[in-house]
Amino acid sequence: EISACLVGSEMCIRDRINMGKGSKLKDENLRSIYQPVIVGIGSLDHMVSFEESEYASNLMPNSKIINLEGVKHSLEKNDVNDLANFIISN
C-alpha cells in the first residue's frame, strides 16, 4: 500500500524510518498506480535527485513531473526535535 506523505505527520515519519531500514517501493508498485500523479521535485532538495524522481514518474502511467523552484525536500522541513522525539518513542 502506498500512502500520502504529509509533512510532519506521524505516518510520514514512520514511512521514512521504514524506508531507512530498507523497505522501499518497487518498480511494479509504481507501475500499478493509474490515477493521475504529479511528482514534485524541489530545486533545493538534497535527499532525492531529479533523475530519481523522473525515473519514478516515468514508471507511473498517468504521471508528470514538475520542478518546484526554491523548495526543499519535505523531510528537511520537519522540526528536528519532533523527528528525534518520534524516533526515540518508537
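Small disclaimer: the values here were computed from a predicted structure and weren't measured.
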Next on the checklist: Please determine whether residues Val71 and Ile38 belong to a single hydrophobic cluster, defined as Ile, Leu, Val, Met, Phe, Trp and Tyr linked transitively by side-chain heavy-atom distances below 4.5 Å.
Outcome noted: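 They do share one cluster, since a chain of ILVMFWY contacts under 4.5 Å joins Val71 to Ile38.
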
Item to check | With Glu54 via side chain to side chain donor-acceptor pair (under 3.5 Å) - residues at least two apart | outcome: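 Per chain and number, Glu54 pairs via side chain to side chain donor-acceptor pair (under 3.5 Å) with no residue.
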
Next on the checklist: If the condition is side chain to side chain donor-acceptor pair (under 3.5 Å), which residues does Asn62 pass it with, not counting sequence neighbours?
Outcome noted: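 Here no residue qualifies.
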
Counterpart residues, side-chain contact (heavy atoms from CB on, under 4.5 Å), relative to [X] (two or more places apart):
| X | answer |
| --- | --- |
| Glu28 | Lys26 |
| Asn67 | Ile41, Ser43, Glu69 |
| Ser57 | Val39, Ser63, Ile65 |
| Leu44 | Lys72 |

Checklist entry - How about Phe50 and Asp45: do any of their side-chain heavy atoms sit closer than 4.5 Å? => result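 No; the side chains remain at least 4.5 Å from each other.
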
Checklist entry - Can you find a pair of side-chain heavy atoms, one from Asn29 and one from Asp27, that are under 4.5 Å apart? => result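 With C-beta onward as the side chain, the pair stays apart.
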
Item to check | Closest non-hydrogen atom pair between Glu52 and Met47, with its separation | outcome: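 Nearest heavy atoms, Glu52 then Met47: OE1-O, 4.2 Å.
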
Checklist entry - NZ/Lys64 to CG/Asn58 distance, rounded to the nearest 0.5 angstrom? => result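 Between atom NZ of Lys64 and atom CG of Asn58 there are 14.0 Å.
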
